Amino acid sequence: ELEQKVETRTEALREANDRLHASMTELIESERQLRARKLELRTVINNAPDAYVSIDDAGVICDWNLQAEATFGWTRDEALGRRLDETLIPSGLRQAHRDGLRRHLDTGEARVLGQRMEMQAIRRDGSTVPVEVRIQAIDIDGRKRFTAFLHDISDRKQAEQKLNLAASVFTHTMEGIVITDADGTIIEVNDAFCRITGFQRSDATHRKAGQVARRSFLRLDAVGIELSQLCDGLHDLVQRWHKHFRIAGMAQGLRQILKAKQVARVGELQRHPAQQQVGQRDEEQKVGDPVCAGGNAELQVRHGTELRQRI
């Protein structure tokens, strides 16, 4: 009977040992998987293209990746343990950051969590960098942690400034500007182009640039003739009243310039019979689209530009 009890007890101990061994094996495997998972997460965070920063509920930095080092100038060892507001946040916004953190911890109110925001961050050397940031809150062992990825948007801001400058030039320049697609179809013109050519924007867009240039050249040619006649009349008027005005020289000079340009244009047309043929076709095309197709568009654009410059 004693031997039976010993054997039974031994068997129970053997089964308990097997269970303990299985549990230990499972625990070791879980720890191995956890370490692998942490290493994978650490690798992802360290190699993320954006700066990654994590703080605890006291506002102290507890994680800092390689891109954060490159963006802000602090190494990981230097950043860990520092207060976030004294490391990245401009002085004028630090109190608001502290108040917001305390309000969230006390009431759960989250005004910025999960929101994509643009803000200025400071580097170690004191310079500022525009960043896009999104903050998330997580619970770890009953305590709050706040994580954020910060994306440096300096290049985007510079591109926006250049785009705004180009848009301002396009709008306010005195020169006519035409934008076309790859097929030569006009997609946009500025106000100066409309003033110079007499076209409405809706009339010029969606047409071929050659057609519009040809029509613009004809309109500008008529304007040039009217200006020449105006200068003739102004010159005659000044000749009569030159004792009372001191602009005779200016009027005479303007008149001579226009006359000389008209002679030059006649000579240019004589050297380009293709332009004369275009003019002949104009007489034959009396119906259809008011903006006639065909013609040497490149020559028409060049003549239109020269005429606009001399006006």
Side-chain angles (χ1 to χ4, degrees), residues 1-89 94-117 119 121-124 131-152:
E1 181 178 354
L2 178 59
E3 292 179 354
Q4 182 66 32
K5 290 181 179 180
V6 170
E7 184 177 350
T8 302
R9 183 61 177 169
T10 301
E11 182 65 24
L13 290 174
R14 185 181 298 113
E15 292 177 355
N17 185 65
D18 290 343
R19 289 195 299 270
L20 178 61
H21 182 269
S23 297
M24 290 296 294
T25 301
E26 183 179 350
L27 179 61
I28 292 172
E29 178 63 19
S30 297
E31 290 179 347
R32 187 193 66 80
Q33 293 180 0
L34 180 60
R35 287 194 301 269
R37 183 63 177 168
K38 290 176 66 175
L39 178 61
E40 179 184 4
L41 181 60
R42 181 78 260 160
T43 302
V44 170
I45 290 177
N46 273 340
N47 293 279
D50 295 333
Y52 174 81
V53 179
S54 176
I55 63 172
D56 60 18
D57 53 8
V60 175
I61 297 172
C62 49
D63 205 353
W64 186 269
N65 73 346
L66 294 176
Q67 189 57 45
E69 292 184 353
T71 301
F72 303 114
W74 298 91
T75 67
R76 174 180 171 84
D77 291 340
E78 291 171 334
L80 296 182
R82 290 181 58 89
R83 293 189 59 84
L84 178 71
D85 54 359
E86 297 174 353
T87 306
L88 294 184
I89 299 178
R94 290 174 185 173
Q95 189 58 49
H97 163 76
R98 299 186 189 107
D99 294 342
L101 178 61
R102 177 50 52 192
R103 182 172 54 250
H104 175 73
L105 295 174
D106 291 343
T107 67
E109 181 182 357
R111 296 182 182 179
V112 299
L113 293 182
Q115 303 294 322
R116 191 180 299 275
M117 303 177 297
M119 59 174 289
I122 56 175
R123 297 188 177 98
R124 182 174 184 173
V131 295
E132 187 176 73
V133 59
R134 192 168 191 170
I135 305 171
Q136 299 290 350
I138 56 177
D139 288 310
I140 299 179
D141 297 331
R143 297 188 63 180
K144 285 284 188 180
R145 289 277 290 270
F146 301 90
T147 65
F149 281 98
L150 299 92
H151 178 62
D152 183 352

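Computed from a predicted model, the values in this text were never measured in an experiment. Index from 1, following the sequence.
Using a cutoff of 4.0 Å between basic side-chain nitrogens and carboxylate oxygens, E132 and R116 are scored as salt-bridged. Checked for salt-bridge contact, D56 and K144 miss the test: no charged N lies under 4.0 Å from a carboxylate O. The pair R145-D63 does not count as a salt bridge, with every side-chain nitrogen at least 4.0 angstrom from each carboxylate oxygen. Using a 4.0 Å cut-off between a side-chain N of Lys or Arg and a carboxylate O of Asp or Glu, K38 and E40 do not qualify as a salt bridge. Salt-bridge check for D141 with R143: failed, with every basic side-chain N at 4.0 Å or more from each acidic carboxylate O.
With rounding to the nearest 0.5 angstrom, the CZ atom of R111 is 12.0 Å from the CG atom of L113. Note that OG1 of T10 is 11.5 Å distant from CD of E15, once rounded to the nearest 0.5 Å. Atoms OG1 and CG, on T71 and D50 in that order, are 8.0 Å from each other to the nearest 0.5 Å. The CD1 atom of I61 sits 11.0 Å away from atom CD of E78, with the distance rounded to the nearest 0.5 Å. In this structure, the separation between CG on L66 and CG on N46 is 4.5 Å, given to the nearest 0.5 Å. To the nearest 0.5 Å, the span separating CE on M117 from CD1 on I135 amounts to 4.0 Å.
In this structure the side chain of L88 reaches within 4.5 angstrom of the side chain of V53, judged on heavy atoms. In this structure, the side chains of H104 and E109 stay at 4.5 Å or more apart for every pair of heavy atoms. Inter-residue side-chain proximity for F146 and L84 is flagged as unmet; no heavy-atom pair is nearer than 4.5 Å. Side-chain contact check for E29 versus T25: every heavy-atom pair is 4.5 Å or farther apart.
When all heavy atoms are compared, the tightest approach of A51 to A68 is CB-CA, 3.6 Å. Looking at every heavy atom in both residues, C62 comes nearest to L80 through C-CD2, 3.4 Å. Contact record, I89 with R94: O-NE, 2.8 Å, taken as the closest heavy-atom pair.
Side-chain N/O atoms of D85 and H97 include no donor and acceptor closer than 3.5 Å. Remark: the Q95 side chain and the D99 side chain contain an N/O donor-acceptor pair separated by less than 3.5 Å. Judged purely by distance below 3.5 Å, without hydrogens or angles, the side chains of S30 and Q33 never pair a donor atom with an acceptor atom.
Cation-pi geometry between R124 and W74 is met: the NZ or CZ atom falls under 6.0 Å from the ring centre, inside 45° of the normal.
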Would you check, one step at a time, whether the test side chain to side chain contact (heavy atoms under 4.5 Å, CB included) holds for M24 with H21? CA-CA 5 Å; M24 290 296 294; H21 182 269; 5.7 Å; no
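No donor-acceptor pair under 3.5 Å is formed between the side chain of D152 and the backbone N or O of V131. Counting only distance, with no hydrogens or angles, the side chain of N47 and the backbone of T43 share a donor-acceptor pair below 3.5 Å.
In this pair, F149 and Y52 present their aromatic rings tilted. The plane angle is within the 30 to 60° band.
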